[in-house]
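Below is the structure I would like to discuss, written out as structure tokens.
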Amino acid sequence: MLYKQAKNNEAMIFELSREGNRGYISDAPFGVLPDIPKSLIRDSPPILPELTELDVVRHFIKLSQENYGVDTGFYPLGSCTMKYNPKLNEEIAASIDVTSHHPLDPEAFIQGNLELLWRFSQILCDISGMHEVTLQPAAGAQAEFLGAMIIAKYHENNGDCRDEMLVPDTAHGTNPASSAMAGFRVVEIPSDDYGQVDIDALAAAASKKVAGLMLTNPNTLGIFESKIGEISNIIHEAGGLLYLDGANLNATLGQARPGDMGFDIVHFNMHKTFSTPHGGGGPGAGAIGVKSFLRDFLPMPRIFKDGEHYTILHGAPYSIGKLQSYYGNFAVLIRAYIYLISLGTDISSVSEMAVLNANYLMNRLKKDFDIPYLDNTPLRKHEFVISCEKIHKDTGVTVMDIARRMLDFGIHPPTVYFPLIVKEALMIEPTETETKETLDNFADILIKIKKECYEQPELVLGAPHNTTRRKLDMVKATRNPVLSWKMLKD
Amino acid sequence: MLYKQAKNNEAMIFELSREGNRGYISDAPFGVLPDIPKSLIRDSPPILPELTELDVVRHFIKLSQENYGVDTGFYPLGSCTMKYNPKLNEEIAASIDVTSHHPLDPEAFIQGNLELLWRFSQILCDISGMHEVTLQPAAGAQAEFLGAMIIAKYHENNGDCRDEMLVPDTAHGTNPASSAMAGFRVVEIPSDDYGQVDIDALAAAASKKVAGLMLTNPNTLGIFESKIGEISNIIHEAGGLLYLDGANLNATLGQARPGDMGFDIVHFNMHKTFSTPHGGGGPGAGAIGVKSFLRDFLPMPRIFKDGEHYTILHGAPYSIGKLQSYYGNFAVLIRAYIYLISLGTDISSVSEMAVLNANYLMNRLKKDFDIPYLDNTPLRKHEFVISCEKIHKDTGVTVMDIARRMLDFGIHPPTVYFPLIVKEALMIEPTETETKETLDNFADILIKIKKECYEQPELVLGAPHNTTRRKLDMVKATRNPVLSWKMLKD
Amino acid sequence: MVGVKMVYVPNEKEKDIMYSYIGRQDIFADIPSSYRMHTKIGPKPLTEQETRRYIEKIFKKNHHVISFKGGGIYDHYVPSHVKEIVARNEFYTSYTPYQPEVSQGMLQALFEYQSLMAEIVGLPIVNSSLYDWSSALGEAALMCSRVTKRNEFIVPESISPERMMVLKTYVHRVGIKIRTVGHDPITGQLDSKALSELVCENTAGVYFETPTYYGYFEHNPSELVKIAQDAGALSVVGIDPLSCGVVKSPGDYGADIVIGEAAHLGNPINFGGPLLGIFAIKNDRNLLRMMPGRLVGLTTDKEGKNGYVMTLQVREQHIRRERATSNICTNESLCAVACAAYLSSLGKVGFEELSKTIMANARYAYLNIGAINGFTAPCFKATYFREFMVKSDKTVAELEQALNSIGMSGGIPVDDHTAIFCITDKHTKEDINKLCEVMGGLNVV
Amino acid sequence: MVGVKMVYVPNEKEKDIMYSYIGRQDIFADIPSSYRMHTKIGPKPLTEQETRRYIEKIFKKNHHVISFKGGGIYDHYVPSHVKEIVARNEFYTSYTPYQPEVSQGMLQALFEYQSLMAEIVGLPIVNSSLYDWSSALGEAALMCSRVTKRNEFIVPESISPERMMVLKTYVHRVGIKIRTVGHDPITGQLDSKALSELVCENTAGVYFETPTYYGYFEHNPSELVKIAQDAGALSVVGIDPLSCGVVKSPGDYGADIVIGEAAHLGNPINFGGPLLGIFAIKNDRNLLRMMPGRLVGLTTDKEGKNGYVMTLQVREQHIRRERATSNICTNESLCAVACAAYLSSLGKVGFEELSKTIMANARYAYLNIGAINGFTAPCFKATYFREFMVKSDKTVAELEQALNSIGMSGGIPVDDHTAIFCITDKHTKEDINKLCEVMGGLNVV
């Protein structure tokens, strides 16, 4: 039986506007408006739509039904770790204790919040083997930028002028982008036949210009960089720093610690590894852990424990400064903290099942699909990558078509066309929160779609059939950008 | 564009069970289990399904998407007053103040709750013109039963043996059912050509055997019983009491008070008149207001204000006793109270727009549909009733088919086949919270469906086409009842 | 505040068009003028913020306590995800699912509630809820009388006074007589000999509770059921469903009707309401025909797919009117959905675990209380579930005062020196130790 | 507690089958053994109830205060229905909408956010969010430099110190120099003469804020924009969008880029995060190509129906890598949805009303504070929005202490005797009167 997504044919909110309707009314003023210079006054207020509370609710509830989340189905989007978002965390994050404090309120009034942040950073240190953690980055990419800035600051501080950042060819796009924002020239390191960093190439690249290496481990093929010890030596001997892109930390939680592997800087994604919801794109939250020799470069503010009291350090001479206002995405961090204290030592079962699920699913599929590097590297960690290149050559069906066809079965497709080194890549990350039945069902569907590619390619090419919208015209959207109601009207 | 409801093809929850999975784990015991006699011990625990938290969430979220509520669309279900349920009320009802108190906790600890109940009953008195209100009934039907019991008790107390309850032929089914539960013989009073109580028939029925009349005003045709003064005189002169079925109070809020019209007892439905959500069938909450001469018959407990303190009266000699445990459906009552204090004097705009919406929609439809009693009684209050008898005769399409066809347009159909005195009745109550556009859209669709009945009857007869399930076999369900997983398995 | 109504009432600017479309300005002209109001009633309208401040100010007059009161209202922990499920707009803003094709979600959820509760009580037919345990008892008495055409209903003396009052209200006017039967002063067990003597050709039903209002189980429920059935009466058993994780279900010993309270399985206590009345029967076509309340059944749609409908509606008031099996219409559906989500989350193992935990923790409490000088607990030689009687030298009022002073609320009084204490999964060991401390201190002073 | 993990991690009983299916027992064999952990790390697992108790115990160490601190974090009331909307599972548990056909809900909601914000700022192109105002400023500086190929960025001296620090971090390594321009000591207005002298052929962008960090408006923003544009630089304006209910929008006076903070429009303050950075530009293809952040656009599906997609992704890191217009990936989408729901609820009239209310209430506050002996407020001759500087004879620390002692938190310090106070729609007249009372009392003592 095929899935069918709701189609509510909901108009744009501006079209629902009717003069005189109100959806929220604020308190009447108790003060009197000052005289405002005429030149300052807006000619007419912004033309926001006018709706009742019911109109607004119905509109967005209908829209929500036309969206797909982890709570509605399997979401094996590779490298995004779309695990279940526990509801206790949501409830606590919505409580007044989390929502209502101003970050600049007096220390004495926010001791609970400071304690939570401090305790959380301690747990992250324990898990990662790092020595201090900052929770300020609003997201993984901002954490990467921070990591790159710390690398820069470290070398600057040593009077060492290094402007190259090494990045493997399997890296997330944010790595080179963040490096560039931090003023580095990006040097790409190729992968070897094992789907790992080519050690020779790395050694060749490791010069005095190298500020550091941004490594994802396990990498985006789901392959653990087994020569991490060697990599660490090469980079450190060249005077560079070793940075872990922690996007894939879910694979090693409680099994091995980046700090022990020689990483100097690690970033964490709360919305990947620690189960905070992704909100349709955000907010997430990031964190950066560093070894002790880098702690002075961390951004402000830092929180310290002083007996039973928690204090805030607002300035420090070597700090890189600030990345964003205040303490970071507190409401997201608190969810991650609750997740961690709830699981406690069971955290290792998260990585175990994440890895077991990925390997089980890969084995379910390996007869029917090409899995690059499988002969040389038979194990994966939390995710694995299939190549649909042969299907494409044989039938003309692209991996994007296959992805769209999966939608008809009520499954969110895996990541496509990434990593870039695999052609027609399908990057599958089941996560630990899914049952064996869900994995088996996914495998059956993917195999069925492969069959369709050969027997009824038009079915796949015409997909999706059962979603709110059929295949959308991306080219039109780019050629003639309509980005707002204002642009549409004009 | 036609609406399409989601189809998630969700299995029964027992089918999702996998041994060893857990969705909630309670704290470990700190005590030790007593020795339990073997004969007492259950052979094996109940076979409840085993799921993770994610499994449970996903299952019920998917089910919810296959349901239709006010928040997803227009719901003009006659006599049910499916108005918008304001979200502030939901948020407050979920707060710990509402959820966490035990009804028998010491008076001093629950003063806030007692005050809320007391204040609420005062507002209901003001609105209805009654003298005391009890909030105990769990629902409208239980309130009716209480009303009937009070009528019985009143006559008993007077040593007056009366065993007939008069009920108009337009009455809700609960009126006769509640009367019967209270030991009354039900005597039906016919309607006249104006769609109102036939005064002559009423006068003829009004004997010394008559305990009371249960009247709905406006009645279920949406027609105000204009001769209410005469009705009141007839009943009272016969020694009976006049009871208002308050299901349709939304029509007269702030416009006229049942107390002023001679009603001795009034019931209220929180989930109709006062915007509390209906929860897919409940919980609702009821209330009964009485004139002062009946207050001693009210159920226990009663709440009194004593200076700034609120006290509970648990027993009284003439009380009918108790209808259900404790104070009634507090979490529902609180929502209704918030609604009322928020609207305050604006409550009359609720009834104005409810009535205007109904009359507007009726006028939009009167050219195309038969509306009984319209010639004699051109005004309606909050609802109106169409007869689809002619369409049925002409095309064979029943009003139930028409109702099912409406589902394809994303609209919940009106009540069908009620009131019983109108053939192929369609009972339409738009409520005040809907916009003119929604009404216009509804009218257009109903007219379109009428056209379909004549031009493409198979389209209507085959409806619904776009809902989670197509037309369901009611006869099969009755002939071979499968009422649980246990019955299905066995 | 002017305009607050507009948030809930639209069409402010379209009113004129609508009035002129219908061709009249006074849409209340059919209300005799003597009844029409010419002044507005009610308080000043409040904005959302003002409303919240107003309510919160009143809430401040409540005080949160650790309460040991039960009596059918058991304050269990509700997992966050259960709350999130019943907060789904499509569930909570829907009406009774009269249009099944568009209401499969609620219907399936209710079918699942019926099914889960059926597993627990051991009977295959459970309605989709009644208001509460008390009114379920009233309905059960009425049903027994309808089915047997007899007019006596036997209940234990030890029944909860709340339930007894409600029962009396329900049967008062239809000529059903309530008879009571006592219990053994040592074991608390229902006096089966007295019951045997009480049943007769007028007995419509025999009701007993296990666990009883005093908290212990009937150790020989099958005997009680048999006495009823041998007399041609129906047996009605009242239960705390959670206890069925440990003890035999009423289905195991052949009960005809099972009632009880299930609100605590997934719902907060809400100051006593809404609750969730269980009503279950044997698979007996005659009983089914006479049963009160709504039933959801499985059927198929025109494409042959499984689907759910409300069924056997011919029993109900909206069709059968005064000959209906009950007047119930609105029930407690959403509480039943919460219950279904909660029970599925506990699962087979978790349900048994929780059932045992309650029993073990209650034992911890009564053993420790019983060990305090001047206190006796529990008071009967029997197996207890979650509630138990505590007798004390001091009066219940003195004890209550001492507990209140430290933010606790003691048991439900039975007499001047006896109260029924209740343990839920929210009580910690520390709570009980603190309770014992106060009790111990009371006697020292 | 053993087994807690099972709530989140399934397959406990199927692990063996799965291990044997893949034919290996050690799935971490690829991690060099020297790095593998042999002991479990972390605290004892907690049940849901234990977790809640643990957290609530820590929360008790917080104290709720009435705070007059703003600085970009404005504690506005969030209507209940807005919270309910963003709590929809389909919204909050979804990823970035990479598969548009199945993600129309989030895409349309984000398109609506972009559209609503476009109406407010008066520019047609708004991205679907950045992290916050501060990082938006950093991105704006980088973009100005990219677009103009110049390397100086001018900001007002009066900029918030938080934003200044973030800006410096963002531009530190790419060779952009920050230059500052002062303001008139009486009117607070940006020194347009100095600015005219400062702009040159190296100027990539000129940034100013209105309302400023000190709370008043720039009265001649179009002049400032013109100075920038005449020098071939881009003008960047930082705003509180709510002020645009009263004052001209940056679009009205021709700004090229608008940034600001919108979290307070529909989101709680959450101890400062998440926030909601606005980033808007003129309709200019060249600027559009260089813009950071995600954009949702309208298109059609294969049946010709309107639909939404993320568009112009070629600017982004996952395609363009080191040549991307920003590294931003995860943004603040759900906060943007809340903002869209909130703005649609206020509507045209409500937005203007609220904008004026804030302004009027702030005036009530500064007039009353200014009337207190020993206090000056506001400190510049200009039109104020919600924040204003208060100078006092007593030190800020003394004032803060007095306020803290009655559960209030005063303004954000500027210097020893000056602080910036902030008014939101949560402050009542009573709050402000109480504030004034404390201030008045302070000088008496």
Side-chain angles (χ1 to χ4, degrees), chain A residues 23-24 26 29-31 33 45-46 50 60 63-64 66-71 97 99 102-103 105 109 111-112 138-139 141 173 176-178 180 183 186 224 256 277 279-284 321-322 326 329-331 342 344-346 349 360 363 435-436 467-470 477 482 484-486, chain D residues 5 10 18 30 35 40 42-43 45 51 59 61-63 67 85 88-90 92-94 96 101-102 104-106 115 118-120 124 131 165 169 173 268 270-274 297-299 301-302 307 311 317-318 321-322 324 327 329-331 333-334 345 347 352 357 360-361 364 409 429:
Chain A
Y24 172 68
S26 52
F30 47 81
L33 209 59
E50 299 174 66
F60 285 100
L63 290 190
S64 74
E66 297 181 343
N67 215 51
Y68 187 101
V70 171
D71 285 358
D97 287 292
T99 58
H102 193 286
D105 278 338
F109 292 176
Q111 283 293 303
S178 302
V186 175
F224 191 85
K322 256 181 203 295
Y326 310 104
N329 284 353
F330 182 72
S342 172
T345 49
D346 281 347
S349 66
Y360 173 76
N363 279 278
T435 60
K436 179 173 170 294
T467 46
T468 304
R469 285 290 174 270
R470 303 292 302 277
V482 178
S484 62
W485 175 248
K486 208 184 243 301
Chain D
K5 63 179 181 187
M18 295 169 79
D30 49 358
Y35 302 133
K40 296 209 162 196
T51 306
F59 277 147
K61 301 179 187 175
N62 288 327
H63 299 282
S67 180
I85 287 166
R88 288 287 296 183
N89 304 69
E90 299 92 331
Y92 84 80
T93 73
S94 67
T96 304
E101 294 84 2
V102 83
Q104 285 298 296
M106 179 52 69
S115 298
E119 296 294 332
I120 290 170
Y131 308 133
M165 280 182 83
T169 305
R173 289 273 302 170
N270 286 322
F271 201 49
L298 185 66
T299 185
D301 77 355
K302 66 180 279 188
T311 190
Q317 36 68 34
H318 63 287
R321 299 177 79 85
E322 63 267 31
N327 71 337
C329 183
T330 288
N331 56 21
S333 293
L334 199 65
S345 300
E352 186 180 7
T357 294
N361 290 356
Y364 177 89
S409 169
K429 193 172 177 178

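Just so we're on the same page: letters track the sequence lines, and every chain starts at 1. When reading the values below, keep in mind they use all heavy atoms of this one structure, side chains included, and skip hydrogens, waters and symmetry mates.
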If you tally heavy-atom pairs under 4.5 Å against chain A, which of D:Ala360, D:Gly347, D:Cys329, D:Ala118 wins?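 Highest number of pairs under 4.5 Å: D:Ala360.
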If you count heavy-atom pairs within less than 4.5 Å of chain D, which of A:Ala256, A:Ala138, A:Ser178, A:Gly280 leads?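 Most pairs with chain D among the choices: A:Gly280.
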So which of D:Pro43, D:Gly42, D:Gly297 has the largest heavy-atom pair count under 4.5 angstrom toward chain A?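 If we count pairs closer than 4.5 Å to chain A, D:Pro43 comes out on top.
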Heavy-atom pair count under 4.5 Å with chain D, highest-scoring of A:Gly279, A:Ala141, A:Pro45: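 If we count pairs closer than 4.5 Å to chain D, A:Gly279 comes out on top.
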Taking side chain as C-beta onward, heavy atoms only, is A:His102 less than 4.5 Å from D:Phe271?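 No. Closest side-chain heavy atoms not under 4.5 Å.
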Looking at side-chain heavy atoms only, is the closest gap between A:Pro283 and D:Thr330 below 4.5 Å?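 Sidechains of D:Thr330 and A:Pro283: no contact.
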Tell me if a side-chain donor or acceptor on A:Ser484 pairs with a main-chain N or O of D:Pro124 at a distance below 3.5 Å.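 Indeed, once roles are kept as given, a pair shorter than 3.5 Å links the two residues.
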How far does CD of D:Gln104 sit from OG of A:Ser64, to the nearest 0.5 angstrom?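 If we round to the nearest 0.5 Å, D:Gln104:CD and A:Ser64:OG are 13.5 Å apart.
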What option among A:Phe30, A:Phe109, A:Phe330 has the most heavy-atom pairs under 4.5 Å with chain D?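 Looking at each option in turn, the highest pair count goes to A:Phe30.
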Rounded to the nearest 0.5 Å, what separates atom CD in A:Gln111 from atom NE2 in D:His63?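 Spacing of CD (A:Gln111) from NE2 (D:His63) equals 8.5 Å.
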Can you confirm whether D:Glu119 sits close enough to A:Lys486 that some side-chain heavy atom of one is under 4.5 Å from a side-chain heavy atom of the other?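 They are in contact (side-chain heavy atoms under 4.5 Å apart), so the answer is yes.
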For D:Asn361 and A:Gly31, indicate whether the former's side chain and the latter's backbone hold a donor-acceptor pair under 3.5 Å.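 The answer is yes, because a donor-acceptor pair under 3.5 Å joins these two groups.
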Which atom of D:Thr169 lies closest to which atom of A:Lys322, heavy atoms considered: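 D:Thr169 and A:Lys322 have their closest heavy atoms at OG1-O, 2.6 Å.
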Whether the side chain of D:Ser115 engages the backbone of A:Trp485 through a donor-acceptor N/O pair (distance < 3.5 Å, no angle test) should be reported.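 Present.
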For the residue pair A:Phe60 and D:Ile85, what are the closest heavy atoms and their distance?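 In terms of heavy atoms, the two residues are closest at CB-CG2, 3.5 Å.
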So which of A:Gly69, A:Gly281, A:Pro29, A:Gly173 has the largest heavy-atom pair count under 4.5 angstrom toward chain D?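 It is A:Gly281.
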Approximate separation, where rounding is to 0.5 Å, of D:Lys302 NZ and A:Arg469 CZ: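 D:Lys302 atom NZ to A:Arg469 atom CZ measures 14.5 Å (nearest 0.5 Å).
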Name the option with the most non-hydrogen atom pairs under 4.5 Å to chain D; the candidates are A:Asp97, A:Asn67, A:Leu63.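 Looking at each option in turn, the highest pair count goes to A:Asn67.
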If I measure from the heavy atoms of chain A, does D:Thr311 come under 4.5 Å with its side chain, its backbone, both, or neither?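 When you check distances to chain A, only side chain atoms of D:Thr311 fall under 4.5 Å.
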Between the side chain of D:Asn327 and the main-chain N/O of A:Ala177, is any donor-acceptor distance below 3.5 Å?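 Answer holds: no.
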Identify which of D:Asn62, D:Asn331, D:Thr299 forms the greatest number of heavy-atom pairs closer than 4.5 Å to chain A.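 Looking at each of D:Asn62, D:Asn331, D:Thr299 in turn, D:Asn62 comes out on top.
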So which of D:Ser333, D:Ser94, D:Ala324 has the biggest tally of heavy-atom pairs under 4.5 Å with chain A?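 Winner by heavy-atom pair count: D:Ser94.
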So which atom in D:Glu322 and which in A:Pro176 form the shortest heavy-atom distance, rounded to 0.1 Å?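 Looking at all heavy atoms of both residues, the closest pair is OE1-CB, 3.3 Å.
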Quick one: pull up OH in A:Tyr68 and OG1 in D:Thr93 and give me the separation to the nearest 0.5 Å.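 Going from OH on A:Tyr68 over to OG1 on D:Thr93, the span is 9.5 Å.
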Taking the side chain from A:Thr99 and the backbone from D:Pro268, do they hold a donor-acceptor pair closer than 3.5 Å?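 Checking the backbone N and O of D:Pro268 against the side chain of A:Thr99, no donor-acceptor pair under 3.5 Å is found.
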Testing the basics here: between D:Pro274 and A:Ala331, what is the closest heavy-atom pair and its distance to 0.1 Å?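 For D:Pro274 versus A:Ala331, the nearest heavy atoms are CD-CB, 3.8 Å.
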So, do A:Thr345 and D:Pro45 sit near enough that their side-chain heavy atoms are less than 4.5 Å apart?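 The answer is yes; the side chains approach within 4.5 Å.
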Top contributor to chain D contacts, counting heavy-atom pairs under 4.5 Å, from A:Gly321, A:Gly183, A:Pro103: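 Most pairs with chain D among the choices: A:Pro103.
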Quick one: does any side-chain atom of D:Asn89 pair with a main-chain N or O of A:Asp71 as donor and acceptor, under 3.5 Å?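 Answer holds: no.
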